[in-house]
Amino acid sequence: MRYCGQGRSFAAPARFHAMATQAQATQSAFQVTLRRIQARGFFSHTLPFWLLLPALLVIAAIQFYPGFYSIWLSLQERQGAVWTFVGLRNFERIFDSAAFRESVGHTVVFLVGYVTVTMLASLVIALLLNRVIKFSGVYITLIFVPWVIADVIAGLVFGLLVVPEYGLFSPILSNPSLFPPKGLSITSDPAPRPWIAGFPFPPAPAMYYLILATAWRALPFVTLLILAALKTVPRELIESARIDGASSFQALRLITLPLILPTLVVALFNLTLGGMNGIGLVFTLTRGGPGTATEVLSFLLYIIGFSRLEFGRAAALSVLIAIINLLLILLILRVSRTEERVQ
Amino acid sequence: MCSSRSNIRKLTASFASFAALSVLIAACAPAQPGAPAQPAAPAQVRDFVTWYQYDDKNEDPKSDERVGNEYLRKTIPQFNEAFKDKWRWINQPQPFDKMDTNLVAAVQAGGDVPDLMQAGDGSLIPLLKNGAIQDLTDWIKAQPWFSDLDSSAVAGCTGPDGKIYCVPVAISPQIVFVWKDHFPNGYPKTPEAFKQAAEALKSKGVYAITFFGSTAFDGEGTTRFTNTLIQSFGGGFDDGQGKMKLDRPENVAAIQFLREIIEAGYVHPLSWEGTSTPFVEEEPMKTAEAASFPTGIFGYRYVNPLKAPNGNEYKKGNEEDMLDAITAGDVFIAPFFAPEGKKPGCGIGVTGFVIPTGAKNPDAAKDYINWIMTKEQNPDWVLGPGGGFPALRSMLPEIETRVPVAKAFYEQAAAAVAASQCRPWYGSLERRDEAKKIIQSTVYKLVKEDPTADISATLKAAEEEYNKGS
């Protein structure tokens, strides 16, 4: 297109004007279309975010907000109609409390027992199921029965089994020849004298029973995890090892377990967090008793918050439990990474 | 073709995410107001909402709260008839051990609170601390029946600031229910006499006593047998100044006595089973396997049906069983025993009503309270939900006249209370829930978990635990 200043008449021919107008219109349309395409590209690139947004909002509402609110609450005390800031006083009162120290001891005993029993039993069962045996499908189905029963129901049923007057296990437990000298009462026998002052070990019979009931509930999930991991272990490796003279136990210890270690770590996470935070079975089976023999931290939290209505102190305890959970998880991760490096 | 399919997919995905977002926002949006209400009739009846631990819709004859359930079933229509142009009573049953928690949660969350809630003096401090109940001082003092209230009942409803926060309707002292055939010469008056009688009963295969000995319900046993025993030996839980004082010779003697009777086999084993099976300690009393049962006077509502040692059965399955057994002479009520020179101890509690903070119809609650305090209604409430003596002193003869089967019961209970020194278990302690848990856990440790532990040192550690938080 020639400019007017290049010796052409100022009044350009009409067709050039029309062409310029059309070009301008085309350019505008082009720019609009380009912007539309760019917008669609932006939208399509960020589509995953928009699709995830509702779930993120829900998680923010039911996890982040209560979490931050609990931290705020742990620094407050209710006085009449208002909350009053008391700093770390709630934490001090918890650490000073003998009930808290005793509860930590019970929780340690419970966690160690529950995790050990569940992991060992799950591993054995998974190894057995990993073999090609008849009716393995039936066994797998039966193993899942505890998983579909709610904690509360499991606690009630386990409790009924040991009621002194009519429990199914009571005639066996109360037999003095089997449990000298006076038989055994899960619901009322106290713990023996502690081996170490201040640490509740050995625990009361009720704690053993609680560990058993909780392990029974957790068994299916952990068994499934380990079984799935075992299926990924190459059979050739095991066969080669056997050909080279390794025993079954050596093959298990040196080949199978290292290969399924990540899965075991996941199972350990799951069991640890579930054991620290679960209250359903404690609530319905022992209610922290007899005495305070099974009063684990989660139950103590319930007592302080919902029985005594001391919300500030309860929030402080919940923050402490969250910190303990985090430390446990970090410890497990560290140990598992060390194991992997050693291998 | 490919790009148009891709466009359709993108469009569909966009639409789906938009729809999901819209649903979420709609769910979070405040509720839209409903259609405008029809113009109100001249006498608009409003809902009067109460929280009781009873359920008028529960007709199960084996329900633990059958007495209270039946009471509400009978009384709600009466109230609605009496206030038919004004209030319509709707009861929302709450579990007794969660009522306080639920009320505090409702008040603090700004949710729907009832207009009136049944409550006892044990709930006063936690509810007050959480700002969940209204100050009723001016209103209650202006009522015509206020001067007729027992002063100890009013004291039970008075907060540390001197204001009145609840309306007492019934007083529940701790007494002992006794099978006559097992103690034909009356209930022992001293610990030594008790041991002698218990030894004779043991030879017949009968336990001398059953009681709430477990740590269930966060130490509830403190308010029952534990307090009765400790007070009977001249002991107590506080120093009168708000601090816990457990380590004293009288308390040590009481716990030593308890160790001895457990060791001797005089205490029914179910006394300790309450954490796994709530209130199971009542069962031996129902079947006369245990000869006596120290508990609150309200026990008559729960300890049924009964089978006496002589074979007589009382099997209506309601409060009348115990009243009938007392009238027939198979059961009698006695004060607890005490060492020479001391008076039997007896805890005392108050039951009544509170008006929650934020109640929509406090006038309905006040109308209801005034209605309950009448001669026509008060006896039924006291015998039913109250389970004790009337807080209105003039009401006792009225009750005995209207319910002749209760006459013997109240006469004996009054005599037992007169022979005892009855006072609230908590004394000057303010953190009552924490205190009762510490006390009951400590006693349980000393008598069940470690019967050889040093009593004085353990009691000292327990009181220091409580006092640290003061």
Side-chain angles (χ1 to χ4, degrees), chain A residues 40 43-44 47-55 57-58 61 77-83 89 92-93 96-99 102 159-160 162-165 185-194 204 206 284-295 303-311 313, chain B residues 6-7 10 13-14 16-18 20-21 23-25 28 97-98 100-101 103-105 107-108 126-132 213-218 269-278 280 283 357 431-434 437-438 440-441 444-445 448-452 461-462 464-465 468-469:
Chain A
R40 263 194 230 134
F43 190 73
S44 65
L47 186 61
F49 167 75
W50 296 109
L51 291 175
L52 282 173
L53 183 61
L57 287 174
V58 169
E77 194 176 289
R78 187 82 181 184
Q79 288 171 3
V82 296
W83 292 104
R89 187 159 178 268
E92 285 169 13
R93 282 186 66 197
D96 273 346
S97 155
E102 188 182 334
L160 287 171
V162 293
V163 171
E165 291 81 31
S185 169
I186 299 284
T187 51
S188 66
D189 277 0
R193 192 180 287 274
T284 50
L285 181 55
T286 63
R287 294 187 75 90
T292 53
T294 56
E295 202 167 272
I303 293 287
I304 295 175
F306 296 103
S307 191
R308 294 186 205 160
L309 305 179
E310 292 180 29
F311 296 118
R313 254 180 89 194
Chain B
S6 163
N7 285 343
K10 283 180 184 170
S14 308
S17 61
F18 176 74
L21 206 54
V23 167
L24 182 69
I25 290 168
C28 296
D97 57 337
K98 294 189 178 45
D100 296 349
T101 311
L103 182 68
V104 168
V107 167
Q108 292 185 1
L127 291 177
L128 192 53
K129 252 176 59 168
N130 284 285
S214 71
T215 55
F217 300 108
D218 208 22
L270 287 184
S271 300
W272 316 106
E273 302 278 347
T275 35
S276 52
T277 314
V280 72
E283 300 305 313
T357 305
R431 300 188 334 263
R432 295 169 193 174
D433 286 332
E434 188 180 340
K437 176 66 185 274
I438 288 174
Q440 189 68 4
S441 302
Y444 186 90
K445 260 193 199 29
K448 280 293 285 181
E449 289 182 2
D450 192 358
T452 60
E464 280 169 2
E465 165 81 3
K468 257 189 282 189

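Chain naming here is simple, since letters A, B, ... match the order of the sequence lines and numbering starts at 1 in each. Because the structure is a prediction, the values reported are computed rather than measured.
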Pick one of side chain, backbone, both or neither for [X], based on which atoms fall under 4.5 Å of a heavy atom in chain A.
{"X": "B/Asn130", "answer": "both"}
{"X": "B/Thr452", "answer": "side chain"}
{"X": "B/Ser214", "answer": "neither"}
{"X": "B/Leu270", "answer": "side chain"}

Quiz item: Among side-chain atoms of B/Glu273 and A/Thr187, is any donor-acceptor pair under 3.5 angstrom?
Solution: yes
Using non-hydrogen atoms and a 4.5 Å limit, figure out which bit of [X] sits close to chain B: side chain, backbone, both or neither.
{"X": "A/Glu77", "value": "neither"}
{"X": "A/Pro164", "value": "side chain"}
{"X": "A/Ala191", "value": "backbone"}
{"X": "A/Ser185", "value": "side chain"}
{"X": "A/Arg193", "value": "side chain"}

Quiz item: So B/Lys437 and A/Glu295, salt bridge (charged side-chain N to carboxylate O under 4.0 Å, His left out) or not? Walk me through it.
Solution: CA-CA 12 Å; B/Lys437 176 66 185 274; A/Glu295 202 167 272; 2.6 Å; yes
Exercise. Heavy atoms only, distances under 4.5 angstrom: which of B/Glu283, B/Gln440, B/Gln108 has the most pairs with chain A? Name it, please.
Key: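 Result: the option with the highest number of such pairs is B/Gln108.
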Exercise. Between chain A and each of B/Leu128, B/Val280, B/Val107, B/Asp218, count heavy-atom pairs under 4.5 Å; write down the option with the most.
Key: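 The candidate making the most pairs under 4.5 Å is B/Asp218.
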Quiz item: Mind checking what makes side chain to side chain donor-acceptor pair (under 3.5 Å) contact with B/Ser276, not counting sequence neighbours?
Solution: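 Residues passing side chain to side chain donor-acceptor pair (under 3.5 Å) with B/Ser276: none at all.
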Could you check which of [options] has the highest count of heavy-atom pairs closer than 4.5 Å to chain B?
{"options": "A/Val163, A/Val82, A/Asp96", "value": "A/Asp96"}
{"options": "A/Ala61, A/Pro290, A/Pro192", "value": "A/Pro290"}
{"options": "A/Gly289, A/Gly159, A/Ala99, A/Gly80", "value": "A/Gly80"}

Closest contact, heavy atoms only, [X] versus [Y]:
{"X": "B/Asp433", "Y": "B/Pro126", "answer": "OD2-CG, 3.4 Å"}
{"X": "B/Thr275", "Y": "A/Arg287", "answer": "O-CD, 3.4 Å"}
{"X": "A/Ser97", "Y": "B/Glu465", "answer": "OG-OE2, 3.2 Å"}
{"X": "B/Tyr444", "Y": "A/Ser188", "answer": "OH-O, 3.6 Å"}
{"X": "A/Ala204", "Y": "A/Ala293", "answer": "CB-CB, 3.7 Å"}

Self-check item: Flag side-chain contact, heavy atom, 4.5 Å: A/Arg78 against A/Glu310
Solution: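 Heavy-atom side-chain distance check fails, nothing below 4.5 Å.
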